[in-house]
Amino acid sequence: MARIAIDPITRIEGHLRIEVEIEDGVVRDAWSSGTMFRGLELILRGRDPRDAWVFAQRACGVCTTVHALASVRAVESALALRIPRNARLIRNLIAGTQYVQDHVIHFYHLHALDWVDVVSATQADPAATAALAQSISDWPLSSVSYFKSVQDRVKAFVASGQLGPFANAYWGNPAYKLPPPANLMAVAHYLEALDWQRQVIRIQALLGGKNPHPQSYVVGGMAMGVDPNSPTALTTRRLSEITELTTQAQDFVDRVYIPDVVAIAGFYKDWAGIGQGIGNYLAYGDFPEDDSGQPAGYYLPRGRVMGRDLSKVEPVDQLDVAETVTSSYYSYDDGDATPKHPWEGQTNPKYAGPTPPYASLEGFDKYSWLKAPRYRDEPMEVGPLARMLVAYASGHSDVRAGVDELLGTLGVGPEALFSTLGRVAARALETKLLVGKLAGWQAQLEENLATGDLAIADVSRWDPASWPAEAQGWGLEEAPRGALGHWVVIKDQKIANYQLVVPSTWNGSPRDAKGRRGAWEEALVGTPVNDPAQPVEILRTVHSFDPCLACAVHVYDPAAGTGVEIRVV
């Protein structure tokens, strides 16, 4: 039995180490280790809760807006605030744009190179590539000369010996199954997506003031003018620009991204039986379609699918979320195996692992800076697959139609959803659905503004003197990577406790007190590995979750072996 480590896992956000034991060409056990300390929750203590979102969105340089939104929702929950319709629609537009851009980036720039052999593209016949591209889409950039120009650029990279973003990969591994023409097509679209994502994310800048780290959130709504007749507000011209960008986003999704996913997945149907994982799926739901603030009005529903049973959806209550630190580099005052709801959560760093750099995690009970979230004491998977499964099982008409069509196109059955390939397909379907919702939300915003309703924030509880002496709140959201929750405890107008339970903490969870693996670890068990020296198969499953360790863990000093002390002056 061989034990190998991939450290760091690249093409993700943050720092992740994966160790696996391989026997007879198959992964028999796995360990997921977040290798940096999380300290953001400590930084927030004692601060004004109205300012929490500004700090909380610094949890990550990618998922900035999702933490801002979860944070303001948590404080709004504590203060019993309901946001105006204009704010709800603008938040939906910002969050929806984040999904679309993030999912496309993930497929092309973080995940595709696990399936696409870039060096093989240099051997492709551009005419064959053009014929392939034209057979699956009417995208205009599909000529022989275009693909020849892309191929020449790739050859120049290879000839220089400086492959840039294509370096340090496992090119030539027999696990790659795409023929050269398909590889060249995918590389061309990889390059196109770089420019496309730069354009579409301008919607966030127009509505958020900047990107990343938008500046227009506020507890109670949004901090921006919404008068179409004012030159300093959300004007007709700005709305027209958003319309143009939304149209461009949908065009690329429909004519490039979706056809590419279907085409590439067709060569890897065996991955519909690999990477099943835990089989329990959690979704908080998101994208409110009415002003009630209740989950019943969400476009993406809230719920759980347990044991891969799509015949029913179980309810979700934030009170049933808890974390343990049995295998984590933290300590609890009353025992590390004690489950703690986030309102009572503790962030007491206590490193108890090997001294970096190290050869293996073997022999250490604690091995990650991620905690172990559980729902009613059960490990869960979160993310696009969880959302699509919960929606499908809930009878969501758009999701049911999309799933059935996609499965039919790929020629696989519903069981294929519970897999590495299923995560790829679910993310693509979700992107197609949400890019189609953007125009509708914008139309609703414009219609509401036309009635003369310019309300953008409820500041009735803005004065701390109106707050209760103690208050607790929670903000649940579906970030692109999965179920995200922020919990706040307010005492004497200040933050007494603040806890984040993020998607990659759910999925990247180490073992709990019962020895149960987290989603990444469980999904890796049973994965075939052709060559332990080039474990591209491991990367396929890990990347299918789109890990974001920056959200889950933060600053750690490997030289000193301690957390970094942060002093607020």
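FYI, the numbering just counts along the sequence from 1.
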Salt-bridge contact [X]-[Y] (side-chain N to carboxylate O under 4.0 Å):
X    : Y    : answer
D290 : R88  : no
E521 : R511 : yes
R50  : D48  : yes
R58  : D51  : no
D546 : R423 : no
D334 : K340 : yes
D512 : R374 : yes

So, is the end of the [X] side chain (NZ or CZ) under 6.0 Å from the ring centre of [Y] and within 45° of the ring's axis?
X    : Y    : value
R47  : F55  : yes
K371 : Y330 : yes
R73  : W474 : no
K437 : Y299 : yes

Begin from the C-alpha positions of K514 and D377 and carry the test salt bridge (charged side-chain N to carboxylate O under 4.0 Å, His left out) through to its verdict.
CA-CA 10 Å; K514 296 180 180 179; D377 196 37; 2.5 Å; yes
Would you say the side chains of [X] and [Y] form a donor-acceptor pair under 3.5 Å?
X    : Y    : answer
S33  : E19  : no
R302 : S394 : no
T65  : Q57  : no
R17  : Y367 : no
E289 : W441 : yes
T97  : Q204 : no
Y498 : S71  : yes
H341 : E323 : no
Q101 : W196 : no
N507 : E381 : no
T451 : D453 : no

Non-hydrogen atoms of V218 and A223 that approach each other most closely:
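Closest pair (atom of V218, atom of A223, distance): CG1-N, 3.8 Å.
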Check the pair E241 / R202 against salt bridge (charged side-chain N to carboxylate O under 4.0 Å, His left out), numbers first and verdict last.
CA-CA 9 Å; E241 187 173 356; R202 289 172 58 202; 2.2 Å; yes
Show your working on side-chain contact (heavy atoms from CB on, under 4.5 Å) between L445 and V226 and close with a plain yes or no.
CA-CA 10 Å; L445 174 63; V226 291; 5.6 Å; no
Using modelled atom types only, decide if a donor and an acceptor are shared between the side chain of [X] and the backbone of [Y] within a distance under 3.5 Å.
X    : Y    : result
S368 : P510 : no
E430 : M388 : no
N92  : P288 : yes

Heavy-atom distance under 4.5 Å between the side chains of D365 and S327, does that happen here?
no
Side-chain touch L319/W343, heavy atoms, less than 4.5 angstrom
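The answer is yes, as the side chains (C-beta and beyond) meet within the 4.5 Å cut-off.
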Where does the angle between the aromatic ring planes of Y351 and W369 fall among parallel (under 30°), tilted (30 to 60°) and perpendicular (over 60°)?
parallel
According to the interplanar angle, ranging from 0 to 90°, do the rings of H486 and H67 count as parallel (below 30°), tilted (30 to 60°) or perpendicular (above 60°)?
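Ring orientation, 0 to 90° scale: tilted.
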Compute the ring centroids of Y99 and H103, then answer whether they are less than 6.0 Å apart.
yes
State yes or no: are the ring centers of W506 and Y375 separated by less than 6.0 Å?
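No: the rings miss the under 6.0 Å criterion.
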May I have the step-by-step check of side-chain contact (heavy atoms from CB on, under 4.5 Å) for T35 and L16, ending in yes or no?
CA-CA 6 Å; T35 58; L16 172 64; over 6 Å; no
Flag if over 12 foreign heavy atoms under 6.0 Å of NZ, K350:
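No - once you tally the heavy atoms of other residues, nucleotides and ligands closer than 6.0 Å, there are 12 at most.
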